[in-house]
Participant: 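Pasting a structure below so you can have a look.
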2 protein chains.
Amino acid sequence: MSYQIELRHFTYFMAVAEELHFRKAADRLFISQPGLSRQIKQMEEIIGVVLFVRNKRKVTLTAAGVYLKKELDYIFNHIDFTIRQTRLIDQGSNGEIRIGFLGSAMQTVIPELLVMVNKELPNIQFSLEEMSNHLQVEAVEKDQLDLGFVRLARVPEGIQKKTVHTDSFSLVVPLEHRLTSKTFKSIAQVSEEHFILFSSDYSSLYYDKIMSICEDKGFTPKVTHKSVHAQTIFKLVESGLGVAIVPTSLQQGFDLGVKFLEIPKIPQKAILSVIWKKDNRNPALQQILKFL
Amino acid sequence: MSYQIELRHFTYFMAVAEELHFRKAADRLFISQPGLSRQIKQMEEIIGVVLFVRNKRKVTLTAAGVYLKKELDYIFNHIDFTIRQTRLIDQGSNGEIRIGFLGSAMQTVIPELLVMVNKELPNIQFSLEEMSNHLQVEAVEKDQLDLGFVRLARVPEGIQKKTVHTDSFSLVVPLEHRLTSKTFKSIAQVSEEHFILFSSDYSSLYYDKIMSICEDKGFTPKVTHKSVHAQTIFKLVESGLGVAIVPTSLQQGFDLGVKFLEIPKIPQKAILSVIWKKDNRNPALQQILKFL
DNA sequence: TTAATTAATAACTATGAGTTATCAAATAGA
DNA sequence: TCTATTTGATAACTCATAGTTATTAATTAA
């Protein structure tokens with residue numbers, strides 16, 4: 001079988017094409033002139049095209065050689081860039097991070113993280129998907145997500161967890177509701193009203209905490225509606241179908257006809273955690289974790 | 001001094017990246033497995049990045065490896081094209097133009113273009129391949145095609161588009177069908193018949209237009225067969241399995257037992273466009289674009 | 001003519017790609 | 001649990017070939 005073309009041939013060709021002089025090109029490449037001559041000749045044989053005209057005492061490029069030089073310039077540049085980029089991806093300063101999140105994380109934590117990372121590592125791309133606690137854990141385990149923003153007390157073996165935000169709870173009532181931030185003293189004041197909550201499939205920890213807040217005050221809430229979307233819950237409250245208890249940070253980002261009344265003197269907090277897989281192989285993740 | 005990266009390394013890397021199996025990749029390359037292992041290891045040392053995770057029984061690409069594979073695919077394609085082009089230039093030709101097209105473009109537009117270009121630039125070579133809208137866009141983006149003849153409303157960023165032919169639609173019926181060019185007044189006259197159409201994967205714009213032609217006349221066509229080949233569609237119509245609606249220009253070039261009845265007074269037109277990549281590096285393309 | 005410059009040719013050397021043989025680890029099957 | 005099988009890595013070798021030195025042939029300049 002005949003020879004294969006190699007980058008070496010291209011490098012040598014470029015040197016001769018630029019110098020238009022075999023000995024000078026050979027000097028520049030730190031090889032001997034006969035060695036260079038033979039490699040160029042071999043290259044011409046491989047691609048089957050004469051690239052240089054050796055006119056007695058002068059070397060010039062043929063038309064095909066001129067074209068090849070221009071393209072190889074581009075190709076070498078592209079190869080260099082690709083290798084640099086590959087190194088960057090390996091070092092995590094480039095690449096993609098796949099994030100899952102609960103809607104309530106979109107109000108404060110995630111935007112802050114994105115802005116911060118973007119400033120330091122502008123070449124990292126993000127893909128974001130809102131999904132439930134449970135689906136996030138599953139996706140992280142399957143390496144389909146790099147990071148998850150969840151509200152969970154416990155996570156399975158092999159998953160790392162870190163608290164990133166602690167939030168108080170607020171009561172959400174219609175604008176025209178009798179209670180105001182001044183008159184609101186305890187959640188017991190709405191013990192007789194209907195409650196609209198996030199569905200427990202979406203976040204069972206949230207659901208359990210709401211229940212315990214009420215139990216602490218001696219009543220069991222009458223839950224009439226459940227939803228997975230904050231927007232929906234607010235709309236239902238606005239329509240007078242009941243009241244809700246949600247993390248206070250959800251106050252930002254929505255423009256609806258509801259009042260937020262922070263619940264005073266309760267020990268329960270809405271804790272947002274970030275989770276990731278211990279042996280995740282995405283090099284970009286290691287970089288991101290530094291920001292958390 | 002340390003080693004230099006060579007195309008050999010890239011070729012080997014691609015084989016392993018595709019097989020994800022060192023011995024199989026080695027077989028494909030007709031070299032021994034230890035030789036391959038060593039070259040891959042050397043490549044990883046040269047660029048300073050681990051490209052494969054060897055899990056003792058499974059081989060997978062790292063994130064950096066995935067990126068490198070995608071880029072090398074592009075680079076190899078570009079090198080191949082460059083060498084072919086260099087040979088053509090050497091032979092006195094002005095280069096090669098790779099064209100993709102929908103079958104219906106072969107009736108009028110492309111032959112005219114070829115004749116015209118051939119008169120002015122007799123040394124340009126053409127390679128022609130029939131393929132779907134979608135595959136053409138993909139190939140143009142990957143620099144595997146210089147020109148595509150498509151029926152598309154929109155094309156991605158970085159792709160240029162220009163209308164080259166506007167055609168009316170015709171109803172295709174068997175020769176012995178009751179309708180003639182004189183009695184045919186509206187598509188509603190065949191609202192009860194079965195329709196044979198180009199498959200929507202082949203050209204969704206075409207499919208949607210046919211649907212809207214029928215909807216405008218107040219009925220939904222009963223589509224019983226779909227095909228990607230005009231020839232097949234005509235054969236099915238000839239066999240009495242239904243009627244079809246196709247661009248009128250398809251009347252030329254086939255000798256079949258069907259009648260074409262141009263659909264009168266409808267706003268829908270079959271628009272054929274030519275697409276090309278904005279930063280295509282083929283110098284011959286610039287020449288061709290002048291003819292469009 | 002002579003001297004200088006250039007690329008090609010010839011014969012050699014030595015580097016390293018690719019070889020065979022083998023090992024170690026990880027399954028899969030009994 | 002024990003064996004057989006599959007897999008990639010290691011080690012030691014060999015041989016093809018990139019690159020070497022020495023020389024020639026051809027051209028140009030003085």
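Keep in mind that what you see is a predicted model, and the values were worked out from it rather than measured.
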Participant: Atom CD of A:Gln4 and atom C1' of D:dA18: how far apart are they, to the nearest Å?
Facilitator: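 Nearest whole value for this atom pair: 16 Å.
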Participant: Separation of B:Leu51 atom CG from D:dG8 atom P, in whole Å?
Facilitator: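 Distance, rounded to whole Å: 16 Å.
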Participant: Does the side chain of B:Tyr3 get closer than 4.0 angstrom to OP1 or OP2 of D:dA18 through an N or O atom?
Facilitator: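 Answer no for this pair, as no side-chain N or O of B:Tyr3 is under 4.0 Å from OP1 or OP2.
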Participant: Please determine whether a side-chain nitrogen of the Lys or Arg among A:Glu120 and A:Lys290 lies less than 4.0 Å from a carboxylate oxygen of the Asp or Glu.
Facilitator: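 Looking at A:Lys290 together with A:Glu120, the answer is no, because their closest N to O distance does not fall below 4.0 Å.
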Participant: Using the closest heavy atom to pick a nucleotide of DNA chain C for each, name whichever of B:Gln42 or A:Gln33 lands nearer the 5' end.
Facilitator: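 Nearest-nucleotide comparison on DNA chain C picks A:Gln33.
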Participant: Mind calculating the distance between CZ (B:Phe30) and P (C:dA17) to the nearest angstrom?
Facilitator: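 Taking atom P of C:dA17 as the reference, CZ of B:Phe30 is at 21 Å.
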Participant: Between C1' on C:dT6 and CD1 on A:Ile40, what's the gap in Å once rounded to a whole number?
Facilitator: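 Those two atoms, CD1 and C1', are 16 Å apart.
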Participant: Are A:Asp27 and A:Arg23 close enough for a salt bridge, meaning some N to O gap below 4.0 Å?
Facilitator: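 Result for this pair is yes, salt bridge flagged.
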Participant: Does B:Arg23 make a side-chain donor-acceptor contact with the base of D:dG8, cut-off 3.5 Å?
Facilitator: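 Check fails, no donor-acceptor contact within cut-off.
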Participant: Which part of the nucleic acid does A:Phe52 contact within heavy-atom distance under 4.0 Å: base, sugar-phosphate only, or nothing?
Facilitator: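 Counting heavy atoms under 4.0 Å across all strands, no contact is made by A:Phe52.
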Participant: Without hydrogens or angle criteria, can the side chains of B:Asn77 and B:Asp143 be said to hold a donor-acceptor pair below 3.5 Å?
Facilitator: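 Side-chain D/A pair, B:Asn77 to B:Asp143: absent.
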Participant: A:Arg54 CZ to C:dT5 C1': how many Å, rounded?
Facilitator: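 Between C1' of C:dT5 and CZ of A:Arg54: 17 Å.
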Participant: Expressed as a whole number of angstroms, how long is the span from B:His9:NE2 to C:dG16:P?
Facilitator: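 So the two atoms are 11 Å apart, to the nearest Å.
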Participant: Would you please confirm or rule out a distance under 4.0 Å between OP1 or OP2 of C:dT19 and any side-chain N or O of B:Ser32?
Facilitator: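 Looking at the OP1 and OP2 atoms of C:dT19, one of them is under 4.0 Å from a side-chain N or O of B:Ser32.
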Participant: In whole Å, I'd like the distance from the CD1 atom of B:Ile31 to the P atom of C:dT19.
Facilitator: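 About 6 Å, once rounded to whole Å.
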Participant: So which nucleotide from D:dG19, D:dG8, C:dA21 ends up closest to the side chain of B:Pro34?
Facilitator: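 Between D:dG19, D:dG8, C:dA21, the one nearest the side chain of B:Pro34 would be C:dA21.
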Participant: Out of D:dA18, D:dT21, D:dA11, which has the shortest distance to the side chain of A:Arg38?
Facilitator: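 Given the options D:dA18, D:dT21, D:dA11, the side chain of A:Arg38 is closest to D:dA18.
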Participant: May I have the distance from A:Lys58 (atom NZ) to D:dA26 (atom C1'), rounded to whole angstrom?
Facilitator: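 Atom-to-atom, A:Lys58 to D:dA26, this comes out as 16 Å.
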Participant: Kindly point out which of C:dT19, D:dG8, C:dG18 is positioned nearest to the side chain of B:His21?
Facilitator: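 Closest nucleotide to the B:His21 side chain: D:dG8.
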Participant: Can you label the angle between the B:Phe13 ring and the B:Phe52 ring as parallel, tilted or perpendicular, going by 30° and 60°?
Facilitator: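 Ring orientation, 0 to 90° scale: tilted.
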Participant: Checking contacts here: which listed nucleotide (C:dA7, C:dT9, C:dG18) is nearest the side-chain heavy atoms of A:Lys41?
Facilitator: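 Ranking C:dA7, C:dT9, C:dG18 by closest atom to the A:Lys41 side chain puts C:dT9 first.
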Participant: side-chain contact (heavy atoms from CB on, under 4.5 Å) for A:Val66 and A:Lys70? Distances and angles first, verdict last.
Facilitator: CA-CA 6 Å; A:Val66 170; A:Lys70 203 185 79 202; 6.0 Å; no
Participant: So what does A:Gln39 hit on the nucleic acid, given a heavy-atom distance under 4.0 Å: a base, only sugar-phosphate, or nothing?
Facilitator: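 Sugar-phosphate, backbone atoms only, no base.
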Participant: State whether B:Ser37 places a side-chain N or O below 4.0 Å from either non-bridging phosphate oxygen (OP1 or OP2) of D:dA9.
Facilitator: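 Yes, B:Ser37 has a side-chain N/O under 4.0 Å of OP1/OP2 on D:dA9.
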Participant: Using a heavy-atom cut-off of under 4.0 Å over every strand shown, decide if A:Glu6 touches base, sugar-phosphate, or nothing.
Facilitator: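 A:Glu6: no heavy atom of the nucleic acid under 4.0 Å.
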